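The structure appears right after this line, and notes come after that.
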Number of protein chains: 2
Amino acid sequence: MILAEKRMSKSELQKTLKSFFPNLGEESLDAFMKHASYLKSTKGTKLISEGKRHRYFYLILKGSVKSYYSKESREVCTWFAFKNEVIGTITTYEGLPSKETIELLEDSELIKFNIEKIKELTHTDLSISHLMNVIIIEHTLYLEERLYQLQFMTSKKRYKVLYKSTPEIFQEVSLTDIASYLGVTRETLSRIRSK
Amino acid sequence: MILAEKRMSKSELQKTLKSFFPNLGEESLDAFMKHASYLKSTKGTKLISEGKRHRYFYLILKGSVKSYYSKESREVCTWFAFKNEVIGTITTYEGLPSKETIELLEDSELIKFNIEKIKELTHTDLSISHLMNVIIIEHTLYLEERLYQLQFMTSKKRYKVLYKSTPEIFQEVSLTDIASYLGVTRETLSRIRSK
DNA sequence: ATTGCTTTGTGATAAATGTCAAATGAATTC
DNA sequence: GAATTCATTTGACATTTATCACAAAGCAAT
């Protein structure tokens, strides 16, 4: 459920965006800001739903989200994101129906950006074009790493890597979701953990 | 082994690039062309080697390539590409050492592009910035689809999907490589096929 | 505390896949 | 064409993991 969708004070929003996107010049930032708005929302809210077209991508100010596919009434997680991360789906960015659902794991505060408007800006504003480029490339590097892990590592190894790289994840995310993310069943993850 | 690295006639190169990138205007195309050159090379040539930094991405005019990681002296393929496809690695594009090796599956003809120079162009030329964006997004959509298949489908299903979508692949690529691409051993693929 | 509800853990079994070894088949070289 | 190499298939067996069933633990609301 969406709690509030107020406009942050202009100066507050500007300060926030400036700190996240320091490479945007004054004018680019102003243009960018026009299509950004503050959003506070409760655990379980779906920012993006599988099979639907959406208009927004998000920046997480506070809170956390999971992204998952549905498979025969079961959820299979593809990624998690936390504070200070930019999130969305590449299909949504392309104007296509999303393949994934993005759902809040806890009450969260976000900034949402209108994709169409921002994309329009990329046609005239080089620094914004680059910013979007960088965001997408970061996502792409992440996908490559994930593919690498799924193809090469045993489930034990994937668990260890996750545990070392982001131990915080185990505070926020249920073991059921983590198991699906690692590509094993709950039971198998439980057994991996107990050794 | 690289057979020849001649300049195509300017008009020939221009015609070729124009047909592949119809959205580039006259001037953008000219700038783009300056950093492109024709390349003819034999089966087994490595365009990009794991662990090394490289300067180029490629367009396949004729031939085919495979991309793979090495794992304990075994190769695990991550993708294949054929005629008319733009190829490279995202790490190379980012100036990082490549994680993958890209190798020709047969004698091939390519156009190679200097990444650094093209990237410089993206800082001043919006249509080139967009072109690169589109190429990267296409790759990203591909990676998502692959992750989806690896996480959700059984190996039998993955085989069927590959067989239906790109049956040609079985002419060009060894079953050993296809098996690693599908995430199973040769033996398992052989058994899947015999049913 | 009691009742539900959800998450996590454990055991027994079955299915899928990997490993190792050997056989067959196809392609290449001498 | 015989010999050599490489790719693919097949068999026997071991390992991993999924599945199903159920128990235990944690948590929220009464």
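Each chain gets a letter, A, B and so on, in the order its sequence line appears, and its residues count up from 1. What you are looking at is a predicted structure, and each value in this text was computed from that prediction instead of being measured.
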Rounded distance in Å - [atom1] ([X]) to [atom2] ([N]):
{"X": "B/Leu105", "N": "D/dA7", "atom1": "CG", "atom2": "P", "answer": "13 Å"}
{"X": "B/Phe152", "N": "D/dA18", "atom1": "CZ", "atom2": "P", "answer": "14 Å"}
{"X": "B/Lys156", "N": "C/dA15", "atom1": "NZ", "atom2": "P", "answer": "12 Å"}
{"X": "B/Arg191", "N": "D/dT9", "atom1": "CZ", "atom2": "P", "answer": "11 Å"}
{"X": "B/Glu75", "N": "D/dA7", "atom1": "CD", "atom2": "P", "answer": "10 Å"}
{"X": "A/Leu182", "N": "D/dT17", "atom1": "CG", "atom2": "P", "answer": "11 Å"}
{"X": "B/Arg193", "N": "D/dT9", "atom1": "CZ", "atom2": "C1'", "answer": "11 Å"}
{"X": "A/Ile192", "N": "D/dA18", "atom1": "CD1", "atom2": "P", "answer": "8 Å"}

Subject >> Proximity to the side chain of A/Leu175 - top-ranked nucleotide from D/dT10, C/dG9, C/dT10 >> reply: C/dG9
**OP:** Looking only at side-chain atoms of B/Arg186, point me to the closest of D/dT9, C/dT10, C/dT19.
**Re:** D/dT9
Subject >> C/dG18 phosphate, OP1 or OP2, under 4.0 Å from B/Thr188 side-chain N/O >> reply: yes
Original post:
Within the pair B/Thr185 and C/dG18, is there a side-chain N or O less than 4.0 Å away from OP1 or OP2?
Top reply: yes
Subject >> Note: B/Lys18-B/Glu26 ion pair, threshold 4.0 Å (strictly below) >> reply: yes
Subject >> Salt-bridge contact A/Lys83-A/Glu172 (side-chain N to carboxylate O under 4.0 Å) >> reply: no
Original post:
Do B/Phe170 and B/Tyr159 have ring centroids that are under 6.0 Å from one another?
Top reply: yes
Students often get this wrong, so: under 4.0 angstrom with heavy atoms, is [X] touching a base, only sugar-phosphate, or nothing?
{"X": "A/Ser155", "value": "sugar-phosphate"}
{"X": "B/Thr154", "value": "nothing"}
{"X": "A/Thr176", "value": "sugar-phosphate"}

Original post:
Other than A/Val161, what residues sit in its cluster of Ile, Leu, Val, Met, Phe, Trp and Tyr side chains whose heavy atoms are under 4.5 Å apart, directly or through others?
Top reply: A/Tyr148, A/Phe152, A/Met153, B/Tyr69, B/Val76
Subject >> Heavy-atom closest contact (A/Leu61 atom, A/Ile111 atom, distance) >> reply: CD1-CG1, 3.8 Å
